[in-house]
Amino acid sequence: IRVNSLNDLIETMVLLSSGVVIREPVAFISISGGGNGLIADSALENNIALSELTESTKEKLRQVLPDFASASNPLDLTGAVGENPAITINSVNTLRNAQEVGFVAFAINTGTADNLLESDFYKSLMDQASQKKDPARSDLLFFTMTSGPIDDEFQEIPHKRKTPLL
């Protein structure tokens, strides 16, 4: 394994020590359309195969997403997850159970100490997404698009559910 920076080395060590095996193709989730653009570009640059969602999977996602959302990969859950937690739970489980998806990676912004409301929101998303995680399965991880150290309190939720947070 070759990495390009100290941060990449740390993230790689966290991932390898978690026991998670990433199986392509991957489905990515976030609540940011702009973030999804960055995710798609990064996946392309790093030769990560994205899952081609079947019509059946897209239909299941359409049943839980708001009308204005697009059932695609990367999947933008939209800000509507703040009002309806079922969007997160059902979307993650739909992708985790889809035959065409090998692995699900969920982008989470780790809140900062000066923005507790945002921090609580993202903690809630992690909690919802990992609620029905089968401990025997290792097909879900969270990753942050926020730079800097991740608050210890923020790491508790995925740690308890044995879901890596990179």
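When reading the values below, keep in mind they use all heavy atoms of this one structure, side chains included, and skip hydrogens, waters and symmetry mates.
Sorted by first then second residue, the side-chain hydrogen bond (donor to acceptor under 3.5 Å, both in side chains) pairs that include residues 66-78, not counting sequence neighbours, number zero.
Residues forming a side chain to side chain contact (heavy atoms under 4.5 Å, CB included) with Ser56 (at least two apart in sequence, or on another chain): Thr54, Lys60. For Ala105, the side chain to side chain contact (heavy atoms under 4.5 Å, CB included) partners two or more places apart in sequence, or in a different chain, are Val26, Phe28, Leu141, Phe143. Every residue two or more places apart in sequence or in another chain that forms a side-chain hydrogen bond (donor to acceptor under 3.5 Å, both in side chains) with Glu59 is listed here: Arg62. Among residues two or more places apart in sequence or in another chain, the side chain to side chain contact (heavy atoms under 4.5 Å, CB included) test is passed with Leu44 by none. Every side-chain hydrogen bond (donor to acceptor under 3.5 Å, both in side chains) that Ser124 has, sequence neighbours left out, goes to Gln128. For Ser91, there are no side-chain hydrogen bond (donor to acceptor under 3.5 Å, both in side chains) partners at least two apart in sequence or on another chain.
Considering every non-hydrogen atom in both Ser130 and Ile157, the closest pair reads OG-CG2, 4.3 Å.
No side-chain heavy atom of Thr163 sits less than 4.5 Å from a side-chain heavy atom of Phe106. No side-chain heavy atom of Ser51 sits less than 4.5 Å from a side-chain heavy atom of Phe103. Under the 4.5 Å side-chain criterion, counting only non-hydrogen atoms from C-beta, Leu166 is not in contact with Thr144. A heavy-atom distance below 4.5 Å is found between the side chains of Arg96 and Leu140. The shortest distance between side-chain heavy atoms of Leu50 and Pro25 does not fall below 4.5 Å.
The backbone N or O of Leu61 sits nowhere less than 3.5 Å from a side-chain atom of Thr94 that would complete a donor-acceptor pair. One N or O on the side chain of Asn97 and one on the backbone of Asn93 form a donor-acceptor pair closer than 3.5 Å.
Within the model, atoms CE of Met126 and CD of Glu156 stand 10.0 Å from one another, a figure rounded to the nearest 0.5 Å. Distance CG/Leu125 to CD1/Ile108: 5.0 Å, rounded to 0.5 Å. One distance of note links OG1 of Thr57 with CD of Glu100; it measures 3.5 Å at 0.5 Å rounding.
Residue Glu24 places its CD atom among more than 12 non-hydrogen atoms of other residues, nucleotides or ligands, all under 6.0 Å distant.
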Distance-only donor-acceptor pairs under 3.5 Å for side chains of residues 30-42, two or more places apart:
unit_1 : atom_1 : unit_2 : atom_2 : d
Ser30  : OG     : Ser32  : N      : 3.0
Ser30  : OG     : Ser32  : O      : 3.0
Ser30  : OG     : Asn36  : OD1    : 2.8
Ser32  : OG     : Gly34  : N      : 3.4
Ser32  : OG     : Gly35  : N      : 2.8
Asn36  : ND2    : Leu75  : O      : 3.4
Ser42  : OG     : Asn46  : ND2    : 3.3

Check against side-chain contact (heavy atoms from CB on, under 4.5 Å), Val104 and Asp139: CA-CA 6 Å; Val104 178; Asp139 58 357; over 6 Å; no
